[in-house]
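This one's a predicted model, so the numbers in the text were calculated from it and none came from an experiment. For ligands, and for the atoms within them, numbers begin at 1 and follow the listed sequence. Sequential numbering from 1 along the given sequence is applied to the chain's residues.
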Amino acid sequence: MHQFRDGVRNFRNHVFPTKQALFRRLSKSQAPKALFLTCADSRVVPSLITSTSPGELFVERNPGNIVPIYSDDLVGVSASIEYAATVLQVPEIIICGHSDCGAVRAFLNPDKTGNIPAVARWLLYGDEAVHRLHQIYPSLSGEDALPVLTQLNVEVQIENLLTHPSVRRRVERGDLDVYGWVYDIGTGAILAMDPQSKRFEEWPD
Ligand SMILES: [Zn+2]
């Protein structure tokens with residue numbers, strides 16, 4: 001806890017004073033520019049990799065950056081999506097996977113999640129991506145499959161996102177854009193999905 005105590009003290013005494021006007025404005029309301037939906041992985045820091053300030057990203061995180069298909073079941077992810085799309089009226093949604101993702105690796109090794117049943121159940125949402133991997137790249141397996149499966153997972157979660165009425169309505173009206181990214185931890189690069197070809201290319205140029 002020492003590290004956090006020192007960190008909180010540093011924020012209060014040194015960081016907060018330099019951004020006082022921003023925090024005073026944010027204390028009244030928020031108007032984020034995007035819903036950023038990503039993995040819970042500690043190495044993915046949304047504000048850092050997008051150079052954004054407090055108040056600019058509405059962030060939803062879970063293992064594997066998963067979006068369950070819309071249903072009446074109450075899932076926290078669905079509430080975040082509905083709130084961001086309807087109340088906050090975010091103009092953009094970014095689903096961001098990342099390299100070396102433990103959740104995506106576990107999609108391929110469900111037998112290793114025997115002692116973590118809640119995780120095992122959650123990771124069933126990766127089944128569709130694994131299915132596509134086996135269909136499109138039958139020869140890929142193990143670590144070789146990981147980067148491709150990470151991209152396929154982003155593609156599938158975007159499709160699932162569009163089953164949410166709050167998102168679909170606005171996308172069809174043309175006032176909400178959805179993007180798929182994969183963040184490479186080792187190089188800092190963002191690969192963005194082309195909506196037509198579904199191919200991931202480094203972005204921006
Ligand atoms: Zn991850």
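- Using a cutoff of 4.0 Å between basic side-chain nitrogens and carboxylate oxygens, Glu159 and Arg132 are scored as salt-bridged.
- A salt bridge links Asp175 with Arg170: at least one charged nitrogen is closer than 4.0 Å to a carboxylate oxygen.
- Atom-to-atom distance recorded for Ile66:CD1 and Leu161:CG is 13.5 Å, nearest 0.5 angstrom.
- Taking the centre of each ring, Phe23 and Phe16 come in below the 6.0 Å mark.
- The distance cut-off of 2.8 Å around the Zn ion (ligand 1) captures these protein N, O or S atoms, sorted by chain and number: Cys39 SG, His98 NE2, Cys101 SG.
- A salt bridge between Lys33 and Glu56 is present, with a side-chain N of the basic residue lying under 4.0 Å from a carboxylate O of the acidic one.
- Ion pairing of Asp41 with Arg61 is absent here, as no side-chain N (NZ or NE/NH1/NH2) approaches a carboxylate O to less than 4.0 Å.
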